[in-house]
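This report refers to the structure that appears directly beneath it.
First listed ligand is number 1; within each ligand, the first listed atom is number 1.
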Amino acid sequence: MAHPADVLAELHTLRAENATLRARLASSSPKAATAPSPAHPPPVGVPFTQKTRLSNEEISRFSRQLLVPEIGVQGQLKLRNASVLVVGAGGLGAPAVMYLAAAGIGRIGIIDYDVVEASNLQRQIIHDESRVGMLKSESAKQTVSKLSSLCECTAYNILIDSSNAMDVIKKWDYVVDATDNVATRYLLNDCCIFRNKPLISGSALRMDGQLTVYNLEGGPCYRCIFPKPPPPETVTNCSDGGVLGVVPGIIGCLQALEVVKIVTGIGASLSQKLLIFDATTMSFRTIRLRGRTPSCAVCGPHPTITKPIDYVQFCGAGPDDKAHNINILPPESRISCHKYAALRLDAFPHVLLDVRDKIQYDICSLHHSLNIPLSELPKRIPELTAAATFGEHHEPNLPVFVVCRRGNDSQLAVKMLEETHGFTHVKDIVGGLEAWARGRDPTFPIY
Ligand SMILES: Nc1ncnc2c1ncn2[C@@H]1O[C@H](COP(=O)(O)OP(=O)(O)OP(=O)(O)O)[C@@H](O)[C@H]1O
């Protein structure tokens with residue numbers, strides 16, 4: 001006998017199909033302009049009924065895909081009955097979500113805690129100018145509903161972490177990692193092992209991209225390959241290192257393709273393989289990864305981690321660290337951008353040292369600044385000493401104010417100049433050029 005919940009769900013689906021049919025009939029009549037819009041799929045929370053046949057609407061819509069021998073009706077039904085959770089509605093998530101919805105995945109969940117910024121639009125094509133300031137998850141959901149009324153889309157405006165990941169992930173068949181930080185990668189990996197879900201993982205930076213699938217067909221998990229996180233200071237993200245927009249676009253599309261292939265059972269997946277894309281040479285390379293590691297702390301036969309841990313502590317950095325400034329200097333070694341602006345107005349003699357990389361310095365800079373990137377500072381001390389030495393003195397006698405993009409590297413530079421190179425009149429400009437732009441000079445760009 002059918003479970004009452006199944007009967008209810010079946011009833012709901014029949015009603016929805018009826019409504020769709022009615023709407024389609026109405027739209028083919030002269031009254032189309034005033035006809036109600038087609039019914040949307042059942043709201044989230046209603047059990048998802050597996051479909052065994054395609055509607056005429058689906059046949060028309062997916063006809064080009066149905067004609068592909070590897071897909072056919074059976075493949076399309078598998079897509080229709082599948083659910084995919086995409087974590088991150090950024091550079092990777094944007095194309096992944098759009099192609100999954102367009103391909104006919106029945107249910108898509110989109111997680112993101114952030115809002116759309118102007119600097120996202122160069123690659124996050126699921127958002128547009130009118131969405132700047134809007135929650136990314138909501139913006140992505142709106143694009144999906146415009147693209148396809150057949151896709152049931154759930155937006156989660158959350159930062160996925162140890163407190164919520166297990167509950168969210170259990171509701172979905174496949175998980176796409178479209179995030180940009182190591183802590184979330186370990187979190188998703190572990191929870192996908194605990195919940196036994198395949199994890200389709202992508203990354204992109206500058207001109208390079210990578211793609212693999214974890215926890216599928218007995219293949220390894222992320223921890224099998226990377227048992228320990230990299231030191232946080234060695235990790236670069238798009239915000240600092242930059243990214244050519246098409247590159248995550250390609251990797252996000254490939255993530256969607258990998259999902260479609262896995263769901264429909266086409267060909268070989270990237271389980272135990274890593275695809276490496278180099279846009280400069282336009283080359284794709286696939287390298288073989290080692291299999292499951294017997295000593296793996298989560299998927300090995302004797303796991304030591306059996307539930308989500310504190311991933312920010314484990315990795316030494318969290319998902320939103322770019323928003324947090326370090327604070328390693330005493331107040332007397334720092335100056336606010338307002339006080340520094342007043343000194344500039346008074347033409348107070350000093351050196352303004354900008355420690356950003358040249359590529360950032362070329363984007364924008366304050367007049368009369370000396371650019372010595374932090375990484376080159378130790379070997380270019382004589383240049384700084386010469387700039388800070390005025391008149392007959394043989395020692396630096398001018399104060400040095402240090403600036404960077406957000407006020408972190410400048411603090412490291414001040415510490416280095418004081419502790420290692422004997423500078424005594426050196427101060428960090430708090431919050432860097434971003435604080436300058438926000439607090440002092442609205443015409444100065446933020447990037
Ligand atoms: N733990 C998390 N929970 C929810 N969303 C996350 C989490 N970690 C990362 N994200 C989201 O993943 C997306 C990654 O996108 P992307 O790599 O393009 O970077 P971005 O943060 O949008 O841009 P930029 O680094 O240039 O400021 C972001 O929208 C981010 O908010």
Side-chain angles (χ1 to χ4, degrees), residues 85-98 109-128 131-141 143 154-169 172 175-192 199-206 208-211 222 229 232 235-253 255 308-315 317-324 360 363 405-406 434 445-447:
L85 178 67
V86 180
V87 187
L92 299 166
V97 166
M98 289 170 85
I110 305 167
I111 299 186
D112 209 299
Y113 68 94
D114 210 353
V115 295
V116 180
E117 289 173 36
S119 64
N120 296 149
L121 301 180
Q122 146 264 18
R123 65 191 188 283
Q124 304 183 11
I125 55 168
I126 203 163
H127 316 296
D128 63 38
R131 309 262 178 84
V132 171
M134 185 189 279
L135 292 170
K136 282 189 180 180
S137 54
E138 193 47 45
S139 164
K141 182 180 166 168
T143 301
T154 309
Y156 296 90
N157 169 35
I158 55 166
L159 189 141
I160 191 165
D161 60 16
S162 321
S163 69
N164 53 25
M166 291 291 276
D167 272 351
V168 176
I169 286 174
W172 304 89
V175 179
V176 171
D177 182 353
T179 65
D180 57 354
N181 61 87
V182 183
T184 309
R185 280 194 197 289
Y186 278 99
L187 166 81
L188 294 178
N189 178 73
D190 293 0
C191 294
C192 282
L199 177 63
I200 296 87
S201 176
S203 66
L205 186 70
R206 296 185 180 134
D208 302 313
Q210 297 188 347
L211 172 67
Y222 182 60
V235 180
T236 310
N237 60 18
C238 296
S239 162
D240 293 327
V243 65
L244 182 65
V246 191
V247 175
I250 288 168
I251 300 296
C253 286
Q255 285 180 286
I309 60 170
D310 182 340
Y311 294 91
V312 178
Q313 190 194 46
F314 176 61
C315 298
D320 55 354
D321 275 359
K322 70 177 177 192
H324 296 305
Q360 295 194 38
I363 296 173
R405 185 177 175 188
R406 298 197 182 101
E434 213 169 285
I446 295 176
Y447 60 95

Under 4.0 Å from a heavy atom of [X]: which atoms of ligand 1 are those, numbered in the order shown and with their elements?
| X | value |
| --- | --- |
| Asn120 | 22 (O), 23 (O) |
| Asn181 | 8 (N), 9 (C) |
| Ile158 | 3 (N), 4 (C) |
| Gly91 | 15 (O), 16 (P), 18 (O) |
| Ile111 | 4 (C) |

- Would you check the N or O atoms of Thr184, main chain and side chain alike, for any that come under 3.5 Å of an N or O of ligand 1? yes
- Task: Report yes if some N/O of Gln124 lies less than 3.5 Å from some N/O of ligand 1; otherwise report no.
- Result: yes
Kindly give the heavy-atom pair with the smallest separation between [X] and [Y], and that separation in Å.
| X | Y | result |
| --- | --- | --- |
| Asp112 | Gly90 | OD2-N, 4.2 Å |
| Tyr311 | Ser162 | CD1-OG, 3.5 Å |
| Pro232 | Cys315 | CG-O, 3.5 Å |
| Thr143 | Ile126 | OG1-O, 2.6 Å |
| Arg185 | Ser203 | NH2-CB, 3.4 Å |
| Ile110 | Ala140 | CD1-CB, 3.7 Å |

Please work out, at 4.0 Å between heavy atoms, whether the side chain, the backbone, both, or neither of [X] comes within that distance of ligand 1.
| X | answer |
| --- | --- |
| Leu187 | neither |
| Asn237 | neither |
| Ala178 | backbone |
| Glu117 | neither |

- Message: If the contact criterion is a heavy-atom separation under 4.0 Å, does Asp161 count as touching ligand 1?
- Response: no
- Would you check if the side chain of Arg206 reaches a backbone N or O of Gly241 as a donor-acceptor pair within less than 3.5 Å? yes
- Look at the side chain of Gln255 and the backbone N and O of Asp177, then say whether any donor-acceptor pair between them is shorter than 3.5 Å. yes
- Heavy-atom proximity to atom 2 (C) of ligand 1 ranks first, among Leu188, Val243, Ile160, for Ile160
- Which residue from Asp114, Asp112, Asp180, Val116 reaches closest to atom 28 (C) of ligand 1 through any of its heavy atoms? Asp112
- Applying the side chain to side chain contact (heavy atoms under 4.5 Å, CB included) test to Pro248, which of Val243, Leu205, Asp180 qualifies? Val243
